[in-house]
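Per chain, numbering begins at 1; letters A, B, ... match sequence-line order.
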Amino acid sequence: MANEIRLVEAVRQALREEMARDESVVVYGEDVGVSGGVFRATQELQDEFPEQVYDTPLAEAAILGMGVGLGATGFTPVPEIQFASFAYQGFHQLVQHASRMRSRTRGTLGVPMTVRTPYGGGIRALELHSESFEAGFAHVPGLKTVVPSNPADAKGLLTSAIRDPDPVIFLEPTSRYRASRESVPEGDHAVPLGEAEVVREGADVTVVAWGAMLHEAMDAVEDAEADAEVIDLRTVSPMDSATILESVRKTGRCVVVHEAPRTGGLAAEIIARINDDALYHLEAPVERVTGYDVPFPMFAREEAYRPDAERIRRGIERALSA
Amino acid sequence: MVREQVAEFSVEYVQALDEEGNADEAELPDVSDDELLELYRLMRLSRRTDERAVALQRRGESGTYAPGTGQEAAQVGSAIALEPDEWMVPSFRESAAFLTRGAPVHRLLWYAMGMEEGAEVADANFPPAIPVGTQPLHAAGIGWGHEISGERKAALTYFGDGATSEGDVYEAMNVAGALDAHAVFFCQNNQWAISTPRETQTRTETLAQKAVAAGIEGVQVDGNDVLGVLSVARDALETAREGDPVFVEALTFRRSMHTTSDDPSVYRTEEQESEWEARDPIVRFEAYLRDEGLLDDDRVERITDEIEELLADEIDRAKEGRDRVVPAEMFDHVFAETPPELQRQRETFRREEGDGEVATAEEGMSGEERAAGGEVTGRGDVREDRETAEDSETSEDEEVSDRGE
């Protein structure tokens with residue numbers, strides 16, 4: 001059985017099913033209870049699970065820091081940070097405690113917390129509502145960073161994240177929350193973390209993307225003359241290099257797309273891994289289509305900032321022409 | 001035009017034993033003779049553990065250590081009030097609290113020796129927290145969990161006067177109040193955050209009044225009075241178990257250095273230090289116990305001997321563990337299941353550095369290479385520890401006594 005739902009509804013479905021399955025799951029954060037969250041991801045969940053859904057004070061460090069205490073003592077915290085750019089106010093709790101608790105206690109204490117947070121541009125929001133900081137999160141050992149691009153994966157990856165014994169930051173692309181209705185399996189649906197998916201097979205060039213950019217990449221290859229293979233990375237850390245390498249060995253060309261700034265972005269890491277293990281299969285330098293090294297502009301300029309199908313198409317052309 | 005007072009607050013100060021060890025019967029907690037002697041033994045054990053740990057560092061046998069000398073009453077008196085299955089959430093200066101909670105000395109030494117083995121969790125004790133003021137939020141989370149699951153338990157967290165300037169400490173008290181978290185925020189106001197004195201830290205008259213802004217109860221206690229601390233901690237925990245968090249400010253003094261990398265003579269005077277020497281928590285409590293007829297010279301000597309024997313064994317055990325450190329284990333607990341890239345890094349490490357090879361004493365944390373790279377520091381400057389060691393008389397004394405083992 002499958003139903004046609006939006007990404008935000010798929011998130012809600014995963015939360016509902018995991019809370020019903022496991023009473024240790026606690027959903028909490030700013031405005032997640034009575035109002036159901038600013039994107040309505042948790043709408044009506046408090047009515048259904050009054051013992052498991054809570055509004056908290058407006059304090060990101062507290063939301064994440066309490067998750068460390070809850071998670072280490074038997075709960076499965078699933079806090080929401082209202083926008084990813086506000087996670088910086090609690091980032092230290094992720095870096096200093098949540099991500100390293102297992103390692104520093106030699107496995108005797110863990111923090112099975114899943115931090116849900118909307119990220120990325122495309123919704124004409126205020127300043128500091130549109131950033132893509134996945135590379136920053138991916139740089140933290142002990143923390144998993146997951147980015148779904150479609151409703152079915154949003155449900156399946158979030159389900160796996162909640163069941164995972166380690167901390168996960170789950171970045172939900174704001175521009176995709178209500179972008180389309182797609183088929184999502186009903187009932188138990190878990191998509192394993194750490195596995196990329198080849199969403200379109202092709203022979204000429206590999207395009208790697210995740211989150212909202214996956215859709216821009218798909219639009220770009222629809223019109224391209226080349227036969228492109230498209231990979232949805234899904235879990236950006238720990239990264240599934242094997243799927244990328246296998247594809248690049250086949251196509252010999254690669255374009256990596258991300259919305260985040262170029263310098264130190266995950267494209268650099270992907271290119272380094274290709275360099276390590278598939279360099280001699282390359283027919284051309286790997287192309288990067290990314291945001292620019294500027295603070296994410298306010299929305300009057302955000303379209304100029306964000307990679308779109310046209311920029312990706314040009315990247316593919318460069319990869320093919322070399 | 002209206003102008004009227006809409007709220008009023010006050011802060012209480014509690015003391016059961018004065019500086020001479022005279023008891024105020026009204027404030028004395030209900031404690032058996034055996035428990036009184038156990039409090040004394042734990043304070044003495046903590047003091048001596050600090051001395052031995054500092055000496056180990058001075059000889060290059062261990063890394064940076066943060067002594068709690070002078071704060072034994074504050075820690076022992078509060079930690080003993082927790083039930084064994086209630087969580088203690090420490091900062092990095094809580095050896096006395098750990099010992100009170102039954103943690104073995106060698107674990108504390110392992111932590112100072114740069115080994116994660118020292119932060120393994122066996123009982124309801126969180127590992128030490130190095131980033132100042134971050135861990136009260138963990139206690140708030142644990143205590144909120146007790147509220148959610150309806151458990152009549154509470155978590156107690158330690159932090160210092162410096163930490164009260166950190167935003168997380170205020171956030172912790174505020175969310176705990178808002179969410180009815182079963183938490184006790186136990187501030188050891190030891191007057192110094194490395195070189196920063198209490199009066200530079202904040203303009204507030206007391207630290208306890210910081211609770212007022214969070215809407216929770218704040219109380220001040222003589223932190224060098226183990227019985228006063230015990231009494232206040234018991235009350236605070238009882239209140240917290242019902243869902244009302246409490247902030248306790250224990251007035252004490254860091255008699256020793258911030259850590260073994262610190263030299264307090266740079267920023268404070270001998271007069272300041274001797275003023276607090278007279279208020280020493282162990283001297284005061286010993287006077288009380290002698291007055292009560294619970295201690296005499298023989299008994300003190302016997303306790304001293306038992307402590308020396310215990311520490312000698314524990315230090316041996318710590319050194320043995322240190323010499324068995326397996327470097328490749330750093331890869332083992334990053335995640336519950338090691339992902340492919342990390343497996344690959346571990347394999348590369350083993351290929352290049354040895355396959356889980358047991359470190360020799362020279363390669364272990366005492367070795368110069370690793371000491372340089374593996375230094376665990378307190379917050380603040382890191383100095384060459386051996387420089388300070390050379391002009392430390394304690395170090396010389398300890399070396400002699402240690403060689404004599």
Self-check item: Structural part of A:Met101 lying under 4.5 Å from a heavy atom of chain B
Solution: side chain
Quiz item: To the nearest 0.5 Å, what is the distance between OH (B:Tyr158) and CZ (B:Phe185)?
Solution: 14.0 Å
Exercise. Check whether B:Glu117 gets within reach of chain A through its side chain, its backbone, both or neither, counting any heavy atom under 4.5 Å.
Key: both
Quiz item: For A:Arg273, is it the side chain, the backbone, both or neither that has a heavy atom under 4.5 Å from a heavy atom of chain B?
Solution: side chain
Quiz item: With a 4.0 Å cut-off, would you call B:Glu320 and B:Arg317 a salt bridge?
Solution: no
Quiz item: Counting only heavy atoms not in B:Glu337, do more than 12 sit closer than 6.0 Å to its CD atom?
Solution: no
Quiz item: Which bit of A:Glu60 is near chain B, if near means a heavy-atom gap under 4.5 Å: side chain, backbone, both or neither?
Solution: backbone
Practice problem: Salt-bridge test for B:Lys153 and B:Glu83: reply yes if a basic N is under 4.0 Å from a carboxylate O, no otherwise. | Solution: no
Self-check item: N-O pairing of B:Glu314 and B:Arg107 below 4.0 Å
Solution: no
Quiz item: Hey, which of A:Ser99, A:Pro141, A:Ala59, A:Ala61 has the most heavy atom pairs under 4.5 Å with chain B?
Solution: A:Ala61
Quiz item: Which one of A:Val26, A:Thr108, A:Ile63, A:Leu109 has the most heavy-atom pairs closer than 4.5 Å to chain B?
Solution: A:Thr108
Exercise. May I have the step-by-step check of side chain to side chain donor-acceptor pair (under 3.5 Å) for A:Thr206 and A:Ser247, ending in yes or no?
Key: CA-CA 6 Å; A:Thr206 301; A:Ser247 177; 2.6 Å; yes
Quiz prompt | Engaged part of B:Glu120 at the chain A interface, taking heavy atoms whose separation is under 4.5 Å | solution = both
Practice problem: Count the heavy-atom pairs under 4.5 Å between each of B:Leu342, B:Asn174, B:Leu179, B:Val89 and chain A, then report the option with the highest count. | Solution: B:Leu179
Quiz item: Are any of the side-chain nitrogens in B:Glu242 or B:Arg152 under 4.0 Å away from the carboxylate oxygens of its partner?
Solution: yes
Self-check item: Choice from A:Glu23, A:Glu51, A:Lys144 maximising heavy atom contacts with chain B below 4.5 Å
Solution: A:Lys144
Quiz item: So which of B:Ser149, B:Ala140, B:Gly141 has the largest heavy-atom pair count under 4.5 angstrom toward chain A?
Solution: B:Gly141
Quiz item: For A:Leu143, is it the side chain, the backbone, both or neither that has a heavy atom under 4.5 Å from a heavy atom of chain B?
Solution: backbone
Self-check item: Electrostatic pair B:Arg351-B:Glu347, nearest N-O below 4.0 angstrom
Solution: no
Practice problem: Under 4.5 Å heavy-atom distance to chain A, tell me which part of B:Ala336 shows up: side chain, backbone, both or neither. | Solution: both
Quiz prompt | Residue, of B:Gly118, B:Ala119, B:Ala124, that accumulates the most heavy atom pairs under 4.5 Å with chain A | solution = B:Ala119
Practice problem: Answer with side chain, backbone, both or neither: which region of A:Asp164 has an atom nearer than 4.5 Å to a non-hydrogen atom of chain B? | Solution: neither
Self-check item: Charged N-O contact under 4.0 Å between A:Arg102 and B:Asp332
Solution: no
Self-check item: side-chain contact (heavy atoms from CB on, under 4.5 Å) partner of B:His182, the single match among B:Glu151, B:Glu147, B:Glu86
Solution: B:Glu147
Quiz prompt | A:Leu70 portion near chain B, given a 4.5 angstrom heavy-atom threshold | solution = both
